[in-house]
Amino acid sequence: YILNILSHYHLIVCFVVPMATGMSLTLCFLTLRHKRPKGRYIIWPRIDQKSCFKAMITAGFEPVVVENILEGDELRTDMEAVERKVQELGAENILCVHSTTSCFAPRVPDRLEELATMSAKYDIPHVVNNAYGVQSSKCMHLIQQGARVGRIDAFVQSLDKNFMVPVGGAIIAGFNESFIQEISRMYPGRASASPSLDVLITLLTLGASGYRKLLAEQKEMYTYLAQELKRLAAAHGERLLHTPHNPISLAMSLDGLQTQSSKSVTQLGSMLFTRQVSGARVVALGNKQMVSGHMFCGFMSHSEAYPHPYLNAASAVGITRDDVTLCIKRLDKCLKSLRKESSTRSGSPLPLTGQEDHAGE
Ligand SMILES: *Cc1c(COP(=O)(O)O)cnc(C)c1O
Ligand SMILES: *[C@@H]1O[C@H](CO)[C@@H](O)[C@H](O)[C@H]1NC(C)=O
């Protein structure tokens, strides 16, 4: 049935795994270990999402973090830096290239065609993290093109992010049936059938046309959200960052808020959190975070020095017009009250409630 949903992407083989995306990526890396006994490194264009980083560490490999380059407002794959790393480390010492399609703006999907071409040239496997990319024809097209011009060995997508089922399942897919079977045989022991059952029930309820309708609505809501965010940004002296290559996530600058007080940016994050605007997240500048022994400067922003603090909003599958309207309304309220607070405040620090780190969750 899932194959049917993905039917215009030819020759895809896939199976449902009763584990979330991160662990499913781990399973792919562990399967590659047998084919690449010298492979120690995984080349990874940086994306600030903990579980995909941990997926490589858990599998026992050394992630080689390649910083993105800034093009306009967008953060994009630095192909020269990737190739330099491959040459420096030696292709045979590299387990695979680990790229990403769906991600928070202002990062955009990796240059999959170029990465796939390079992987073919150096004979290095290529695994794609397509966490919430099934809902985007752009992400799926990138994968298809990558596989056509170069090499993509496996791509992994979350069940909950694409099919509105509970967390705990993923689809591992690829173009080579025997390789995908090898991955499925790596799974140790018996497995829970509930993720498969959940997705089966959901898809039978929706039908292929129902699912396609949801995807069409996602696209429409993306345009609506972009328009509304642009209007909101203008009203608050900010701007919608120009990230046309990202089909799901948007970002609005918070430069003015930062100038007002750097604490205001963090405070906006906690205000949104307590007002249950869970679709929005705030990224302040200069966060440092240690993840499994690796220090990420500028953590959450996919970059060591992104020039603007910003706010993310996403139009994911299942979002409605009312969701967007309500989100914008609450955002507007929060931004207004922060401005008012700062104009009446006499230099005392803003009270902070604990903002939890919900990056990518
Ligand atoms: C959701 C997500 C993951 C994986 O998270 P899991 O909790 O393991 O499903 C990895 N990368 C990105 C970009 C994601 O959005
Ligand atoms: C497909 O996968 C099998 C098993 O891993 C491998 O031996 C074979 O070379 C692969 N075929 C292609 C065309 O890559």
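As the structure lists them, so they are numbered: ligands from 1, and atoms in each ligand from 1. Keep in mind that this is a model prediction, so the values were computed, not measured.
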Donor-acceptor pair, side chain of Asp110 and main chain of Leu112, under 3.5 angstrom
no
Thr31 side chain to Leu27 backbone, donor-acceptor under 3.5 Å:
yes
Which of the numbered atoms in ligand 2 are below 4.0 angstrom from a heavy atom of Glu182?
4 (C), 5 (O)
Show me which atoms of ligand 2 lie under 4.0 Å from any heavy atom of Asn176.
1 (C), 2 (O), 3 (C), 8 (C), 10 (C), 11 (N), 12 (C), 14 (O)
Distance under 4.0 Å to a non-hydrogen atom of [X]: what atoms of ligand 1 satisfy this?
| X | result |
| --- | --- |
| Ala131 | 2 (C), 12 (C), 14 (C), 15 (O) |
| Ile47 | 13 (C) |
| Ser102 | 13 (C) |
| Ser51 | 3 (C), 4 (C), 5 (O), 6 (P), 8 (O), 10 (C) |
| Lys161 | 1 (C), 2 (C), 3 (C), 14 (C), 15 (O) |
| Tyr132 | 15 (O) |
| Gly22 | 4 (C), 6 (P), 8 (O) |

Does [X] come within less than 4.0 Å of [Y], counting only side-chain N to carboxylate O?
| X | Y | value |
| --- | --- | --- |
| Asp255 | Arg239 | no |
| Glu92 | Arg36 | no |
| Arg76 | Asp78 | no |
| Arg185 | Glu182 | no |
| Arg151 | Asp153 | yes |

How about Phe53 and His294: are their ring centroids closer than 6.0 Å?
yes
Has Lys35 got any heavy atom lying under 4.0 angstrom from an atom of ligand 2?
yes
Please report whether ligand 1 has a polar contact with Thr100, defined as an N or O pair separated by less than 3.5 Å (distance criterion only).
no
Taking atom 3 (C) of ligand 2 as the reference point, the nearest protein heavy atom with its distance
Ser178 OG, 3.3 Å
Is there a protein heavy atom less than 4.0 Å away from atom 7 (O) of ligand 2?
no
Do the numbers put Arg281 on top of the ring of Phe104, so that NZ or CZ is under 6.0 Å from the six-membered ring centre and no more than 45° off the axis?
yes
